[in-house]
Amino acid sequence: EQCYATGNIDGTSYLGGFAGSIHDINTMIRNCFSIGNVVAGSYSAGFSGNIMFGKVENCYSIASNVNGFNFNGTVTNSYFDSTISGNTMKTEGRSSADMKKAGTYSDWDFDTIWEIEDSYPVLQGLDTPNSNVGQYTEIYNVEDLNNIRKDLVGMYKLMADIDLDGETWTPIGTTAAPFAGILDGNGYSIKNLNINITAQDYLGLFGYNKGTIKNLTIDGAKVRGRSYVGVLAGYSMGNITDCEIKNVTVLSGVDYVGGLVGCSAGAIKGSSVEKITTFTATNKYSGGLVGYSTNSITDCSVSLIETLSLK
């Protein structure tokens with residue numbers, strides 16, 4: 001009771017900002033919180049990746065992970081920041097603004113246990129954690145965009161259109177060091193993406209994504225690679241929402257080639273691909289939106305592929 005965890009969590013399964021998995025029926029976690037980004041994975045969530053048994057009560061999490069709590073056990077009066085996670089569908093989600101209001105937290109003790117003042121709740125008697133979770137780094141130009149690779153679990157927001165004309169782009173995120181933060185395009189565009197590395201895999205604006213990418217347009221692109229090739233991401237096991245790809249001159253690869261993502265193990269929602277002039281894939285698993293997917297795709301569309309060459 002009455003403790004907190006901070007720090008970013010990476011891995012493949014059973015991941016949580018506070019607990020990876022809770023399996024003991026007698027476990028009670030009460031009046032606790034976690035702050036830190038948690039990568040997407042099997043059984044992953046902002047607070048606890050898997051609550052099989054036990055109880056969680058009066059707790060919260062702030063994390064980029066699309067889930068706040070994964071549970072079959074009991075979760076009571078506990079919440080996660082849905083603005084940061086990007087998931088507004090779960091009943092435990094609350095907006096960033098509401099997470100900073102005492103009235104959000106039903107039956108919490110703000111007399112002797114918690115305190116809140118123009119920010120997220122903290123525990124009385126404990127040091128206030130230092131964290132920049134919830135604070136976006138603003139991106140105005142190519143240099144700022146390149147700097148994402150210096151902190152792959154950070155939170156970023158475009159503040160202007162960015163033109164990559166004349167740049168030979170190196171994808172952000174690799175299999176060894178994936179992007180696991182948040183990029184909010186904020187309604188702006190990245191223009192004239194150019195990647196030409198035909199002997200390399202995992203190519204796109206992002207090579208390997210385990211984070212959240214949303215509200216972003218890529219307008220104008222030439223992307224040539226080998227396997228796991230997409231304009232937005234070569235491989236994604238994170239979440240992609242409300243992204244648009246348009247005016248792609250060339251998209252080519254061998255296999256796992258897609259207009260948005262080459263191969264997706266994460267959720268894709270509200271995204272589209274519009275106009276690919278030449279699309280070439282010489283082996284298997286290729287598609288206008290996604291080459292290969294093992295997760296949900298909802299409210300998405302593809303239009304106008306002018307020259308399609310698949311083998």
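All values reported here derive from a predicted model rather than from experimental measurement. Computation of the quantities below employed the complete heavy-atom set of this structure, encompassing side-chain atoms and omitting hydrogens, waters and symmetry-equivalent molecules.
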Quick one: [atom1] on [X] to [atom2] on [Y], what's the gap to the nearest 0.5 Å?
{"X": "Lys222", "Y": "Thr168", "atom1": "NZ", "atom2": "OG1", "answer": "11.0 Å"}
{"X": "Phe33", "Y": "Phe47", "atom1": "CZ", "atom2": "CZ", "answer": "10.0 Å"}
{"X": "Ser85", "Y": "Ile182", "atom1": "OG", "atom2": "CD1", "answer": "8.0 Å"}

Run the ring-ring contact (aromatic ring centres under 6.0 Å, His included) test against Tyr105 and tell me which residues pass, sequence neighbours left out.
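Here the qualifying residues are Tyr79, Trp108.
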Between the side chain of [X] and the main-chain N/O of [Y], is any donor-acceptor distance below 3.5 Å?
{"X": "Asn37", "Y": "Ser64", "value": "yes"}
{"X": "Asp98", "Y": "Arg94", "value": "no"}
{"X": "Ser48", "Y": "Ala19", "value": "yes"}
{"X": "Asp161", "Y": "Ser189", "value": "yes"}
{"X": "Ser271", "Y": "Cys243", "value": "yes"}
{"X": "Asn31", "Y": "Gln2", "value": "no"}
{"X": "Lys90", "Y": "Phe69", "value": "yes"}

Contact summary for Ile84 and Ser96, nearest pair of heavy atoms:
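Where Ile84 meets Ser96 most closely, the heavy atoms are CG1-OG, 4.1 Å.
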Which heavy atom in Gly17 sits nearest to a heavy atom in Ala5, and how many Å separate them?
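Result for this residue pair: O-CB, 3.5 Å.
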Tell me, with the steps shown, if Tyr156 and Asp151 meet side chain to side chain contact (heavy atoms under 4.5 Å, CB included).
CA-CA 10 Å; Tyr156 303 94; Asp151 180 7; 3.3 Å; yes
Considering residues, nucleotides and ligands other than [X], do more than 12 of their heavy atoms fall under 6.0 Å from its [atom1]?
{"X": "Glu306", "atom1": "CD", "answer": "yes"}
{"X": "Ile25", "atom1": "CD1", "answer": "no"}
{"X": "Lys214", "atom1": "NZ", "answer": "yes"}

Is the NZ or CZ atom of Lys100 positioned over Tyr120's six-membered ring, under 6.0 angstrom from the centre and within 45° of the axis?
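So Lys100 does make the cation-pi contact.
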In the hydrophobic clustering that connects Ile, Leu, Val, Met, Phe, Trp and Tyr at side-chain heavy-atom distances below 4.5 Å, which members other than Val250 occupy its cluster, ordered by chain and number?
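Listed partners: none, Val250 stands alone.
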NZ/NE/NH1/NH2 to OD/OE distance under 4.0 Å, Arg226 and Asp201:
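Salt bridge: yes.
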Run the numbers on Thr249 and Thr278 for side chain to side chain contact (heavy atoms under 4.5 Å, CB included), then give the verdict.
CA-CA 6 Å; Thr249 305; Thr278 302; over 6 Å; no
Compute whether any side-chain donor of one residue and acceptor of the other, for Asn65 and Ser44, lie under 3.5 angstrom apart.
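Yes, a side-chain donor-acceptor pair sits under 3.5 Å.
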I'd like to know whether Leu123 forms a side chain to side chain contact (heavy atoms under 4.5 Å, CB included) with Trp114, so could you lay out the CA-CA distance, the side-chain angles of the two residues, the decisive distance to 0.1 Å, and finally the verdict.
CA-CA 5 Å; Leu123 291 160; Trp114 295 94; 3.9 Å; yes
Given side chain to side chain contact (heavy atoms under 4.5 Å, CB included), test Leu216 with Leu205 step by step and report yes or no.
CA-CA 11 Å; Leu216 177 66; Leu205 180 69; 4.0 Å; yes
